[in-house]
Amino acid sequence: MATQQETTEARQHSGVGFVQTKLATLFVPPHWLKLAGGGELGPIQVAYETYGELTPAKDNAIFICHALTGDAHAAGYYEDDDEKAKPGWWDDLIGPGRTLDTDKYFVICANVLGGCQGTTGPGSINSETNQPYRLNFPFITVGDIVEVHSALTRHLGIEQLLAVIGGSLGGMQVLEWAARFPKQLRSAICLASAAQLSAQGIAFNAVGRRAIKTDPEYKDGEYEAGAGPRYGLALARMIAHITYLSDQSIEMKFGRRLQDHDTFTYEMLPEVEFQVESYLHYQGKRFVERFDANSYLYLTRAMDYFDLESQYGSLTNALGKTDARFLIASYDSDWLFTTTQSKEILRALIECGKHVSFIELKSPFGHDSFLIEIEQLQNMITPFLEQAYQSQLIESAQKT
Ligand SMILES: CC(=O)SCCNC(=O)CCNC(=O)[C@H](O)C(C)(C)COP(=O)(O)OP(=O)(O)OC[C@H]1O[C@@H](n2cnc3c(N)ncnc32)[C@H](O)[C@@H]1OP(=O)(O)O
Ligand SMILES: N[C@@H](CCO)C(=O)O
């Protein structure tokens with residue numbers, strides 16, 4: 001077994017090595033963020049990480065938009081991580097020589113507005129009352145989330161991003177970014193996402209929220225930090241997690257196998273008989289350790305509200321103003337964000353004459369494939385980014 005020192009050294013020399021989360025304070029009053037749902041918010045603290053170096057021309061930046069429960073920690077390790085800690089959630093894709101090659105690109109990832117991993121959200125202190133916002137936090141939309149990311153990009157001195165990339169809720173942000181700030185991105189990669197959350201998606205979110213709100217520990221959102229509706233939040237995650245899997249992956253991983261015994265117990269307790277039950281309980285338990293219930297309510301609502309077509313009149317109106325090149329990818333086993341939904345985006349982009357590539361990737365892993373199928377992502381994204389990078393270099397050379 002590796003010693004602590006060996007583990008530390010191995011981490012320091014793998015990928016981007018040790019990283020730190022940074023904080024930016026934006027929308028300092030009177031420059032409030034005007035929210036889509038009405039009202040305004042400020043100041044807003046944003047937790048973000050960067051990997052690689054920004055060029056003097058500030059033309060090599062890539063922004064990663066994370067999904068529902070992700071965070072700014074996309075790559076590397078923190079120096080004080082314990083031995084069991086895993087690297088950032090997309091570590092295999094980010095680093096020297098990797099797809100988001102930090103020898104070449106400056107990669108940014110920020111926690112979303114409304115989140116609970118450093119960016120202002122319902123658990124943050126409202127500077128006007130000195131109390132956590134809790135349910136006094138205003139309703140937010142994907143548009144508001146993108147406003148904050150866009151402001152962070154400008155705060156870092158970057159006028160135009162080489163690429164914006166994200167899966168699921170992250171993909172919604174990519175589309176919204178192209179619609180809202182069409183000139184701020186040169187290319188856009190939208191994975192396992194859609195231009196609107198389906199009715200089925202809203203339905204699952206509704207059940208999750210109900211699980212949280214009916215937990216007696218929810219206390220109308222007035223629970224103390226570190227406490228709260230653990231049972232309801234775990235249940236919400238268990239339900240949601242099923243939607244991130246596929247029938248095939250559940251069969252593959254667990255089938256009907258039993259967890260700790262060879263025959264049925266014919267007992268109601270302990271509750272865990274099958275491996276899949278144990279797995280879901282584990283996913284629920286892990287989730288409660290890292291996520292806040294009020295954030296979950298606000299962010300799932302933001303997803304429910306997302307509908308580019310109704311917001312901009314049509315998808316072509318929404319996506320017609322940008323000159324960005326698009327890469328759209330869906331997964332054949334994803335029943336939460338389907339290929340049909342990705343094709344709606346594709347159709348609109350073709351209709352308005354945009355440069356777009358589309359692929360339906362084959363994977364048994366359902367919606368979460370974009371977190372798991374790293375090799376596929378490498379094969380698809382590396383050349384797409386290289387092309388964006390080269391065309392940028394040519395354009396810059398022509399200008400000088
Ligand atoms: C997208 C963003 O922006 S970031 C947010 C992404 N992160 C998350 O969603 C965190 C939650 N994690 C996950 O959803 C998944 O682990 C993924 C998608 C990240 C990776 O998927 P996979 O590699 O297929 O892992 P899988 O879903 O099989 O889970 C493995 C875990 O289940 C545990 N497990 C497997 N079988 C069982 C079982 N029968 N009983 C209990 N636990 C089990 C494993 O021990 C392992 O635990 P660990 O994560 O502590 O190491
Ligand atoms: N499993 C990922 C993707 C959900 O869309 C998450 O929790 O963020």
Side-chain angles (χ1 to χ4, degrees), residues 47 49 63-75 82-94 109-112 114-117 119 142 145 149 165-174 190-194 197-198 201 204-205 208 233-234 236-246 248-261 270-291 295-296 299-300 302-304 306 330-331 333-337 341 363-375 377:
E49 293 189 8
F63 200 108
I64 301 175
C65 302
H66 70 70
L68 177 62
T69 72
D71 53 35
H73 187 39
D82 69 36
E83 276 171 61
K84 286 190 191 145
K86 293 181 180 175
W89 57 269
W90 241 7
D91 186 74
D92 288 334
L93 284 182
I94 306 164
C109 184
N111 186 211
V112 293
C116 52
Q117 280 116 340
T119 294
V142 173
I145 290 172
H149 287 342
I165 172 167
S168 193
L169 171 61
M172 291 175 168
Q173 292 167 56
V174 171
C190 176
L191 310 167
S193 196
L197 188 66
S198 65
F204 279 111
N205 282 346
L233 184 59
R237 181 60 171 185
M238 288 166 75
I239 296 156
H241 197 80
I242 298 169
T243 71
Y244 306 150
L245 305 172
S246 72
Q248 198 184 340
S249 69
I250 296 177
E251 281 299 331
M252 243 166 47
K253 283 183 183 177
F254 313 109
R256 290 182 47 82
R257 289 186 291 282
L258 302 181
Q259 179 63 17
D260 289 320
H261 29 263
E271 209 179 323
V272 169
E273 188 92 293
F274 292 90
Q275 286 184 9
V276 66
E277 285 182 280
S278 166
Y279 170 78
L280 285 177
H281 283 291
Y282 177 75
Q283 292 293 341
K285 183 170 161 283
R286 289 294 306 273
F287 188 59
V288 169
E289 289 160 10
R290 71 180 177 90
F291 218 79
S295 268
Y296 194 82
L299 292 178
T300 53
M303 285 183 86
D304 293 354
F306 185 65
S330 65
Y331 291 91
S333 57
D334 184 350
W335 52 279
L336 188 62
F337 287 80
Q341 288 173 293
S363 167
F365 294 114
H367 181 58
D368 266 347
S369 296
F370 73 97
L371 297 167
I372 300 169
E373 295 278 22
I374 295 301
E375 206 180 317
L377 292 172

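Computed from a prediction, not measured in an experiment: that's the story for all the values here. For ligands, and for the atoms within them, numbers begin at 1 and follow the listed sequence.
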- Does D368 have a heavy atom less than 4.0 Å from any atom of ligand 2? yes

- Query: Is R237 near ligand 2, meaning one of its heavy atoms is under 4.0 Å from it?
  - Reply: yes

Measuring only between side-chain heavy atoms, which start at C-beta, is [X] closer than 4.5 Å to [Y]?
{"X": "D260", "Y": "V272", "result": "no"}
{"X": "R237", "Y": "Y244", "result": "yes"}
{"X": "F337", "Y": "L191", "result": "no"}
{"X": "I64", "Y": "L93", "result": "no"}
{"X": "L197", "Y": "M172", "result": "yes"}
{"X": "V142", "Y": "L169", "result": "yes"}

Can a side-chain donor-acceptor contact be found between [Y] and [X] if the only test is distance below 3.5 angstrom?
{"X": "H66", "Y": "D71", "result": "no"}
{"X": "E373", "Y": "S363", "result": "yes"}
{"X": "H367", "Y": "S168", "result": "yes"}

- Message: Show me which atoms of ligand 2 lie under 4.0 Å from any heavy atom of S168.
- Response: 5 (O)

- What atoms in ligand 2 come closer than 4.0 Å to a heavy atom of L371? 1 (N), 2 (C)

Counting only non-hydrogen atoms of the protein, does one fall under 4.0 Å from [atom]?
{"atom": "atom 29 (O) of ligand 1", "answer": "yes"}
{"atom": "atom 23 (O) of ligand 1", "answer": "no"}
{"atom": "atom 41 (C) of ligand 1", "answer": "yes"}

I need the nearest protein heavy-atom contact for [atom]: residue, atom name and distance, please.
{"atom": "atom 13 (C) of ligand 1", "value": "H241 CE1, 4.0 Å"}
{"atom": "atom 45 (O) of ligand 1", "value": "Y282 CE2, 4.7 Å"}
{"atom": "atom 4 (S) of ligand 1", "value": "G70 CA, 3.3 Å"}
{"atom": "atom 6 (C) of ligand 2", "value": "T69 OG1, 3.3 Å"}
{"atom": "atom 6 (C) of ligand 1", "value": "L371 CD1, 3.5 Å"}
{"atom": "atom 39 (N) of ligand 1", "value": "Q259 OE1, 3.1 Å"}

With a heavy-atom distance limit of 4.0 Å, tell me whether [X] approaches ligand 1 through its side chain, its backbone, both, or neither.
{"X": "Y244", "answer": "neither"}
{"X": "R290", "answer": "side chain"}
{"X": "I372", "answer": "side chain"}
{"X": "Y279", "answer": "both"}
{"X": "R286", "answer": "side chain"}

- Message: Is there a polar contact between ligand 2 and H367, counting only N or O atoms under 3.5 Å apart?
- Response: yes

At less than 4.0 angstrom from any non-hydrogen atom of [X], what atoms of ligand 1 do you find?
{"X": "H66", "value": "3 (O)"}
{"X": "K86", "value": "48 (P), 49 (O), 51 (O)"}
{"X": "D368", "value": "14 (O), 18 (C)"}
{"X": "S278", "value": "38 (C), 39 (N), 40 (N), 41 (C)"}
{"X": "R237", "value": "8 (C), 9 (O), 10 (C), 11 (C)"}
{"X": "K253", "value": "24 (O), 26 (P), 27 (O), 28 (O)"}
{"X": "Q283", "value": "11 (C), 12 (N), 27 (O), 29 (O), 32 (O)"}
{"X": "A67", "value": "1 (C), 2 (C), 3 (O)"}

Closer than 3.5 angstrom, by distance alone: can the side chain of [X] be matched with the main-chain N or O of [Y] as a donor-acceptor pair?
{"X": "N111", "Y": "Q117", "answer": "yes"}
{"X": "W335", "Y": "L245", "answer": "yes"}
{"X": "D368", "Y": "L371", "answer": "no"}
{"X": "S193", "Y": "G167", "answer": "no"}

- Item | Neighbour count >12 (heavy atoms, 6.0 Å) for atom CZ, R290 | yes

- Inspect the surroundings of CD in E289 and state if more than 12 heavy atoms from other residues, nucleotides or ligands are less than 6.0 Å away. yes

- Message: Please give me the minimum heavy-atom distance between S198 and L336, naming the atom from each residue.
- Response: OG-O, 4.1 Å

- Message: On a heavy-atom basis, which atom in F254 and which in Y279 lie closest, and how many Å separate them?
- Response: CZ-CG, 3.2 Å

- Query: Would F254 count as a contact of ligand 1 if the rule is a heavy atom under 4.0 Å away?
  - Reply: yes

- Should the proximity of L336 to ligand 2, defined as any heavy atom under 4.0 Å, be assigned to the side chain, the backbone, both, or neither? neither

- Message: Applying a heavy-atom cut-off of 4.0 Å, say which part of A67 lies close to ligand 2: side chain, backbone, both or neither.
- Response: both

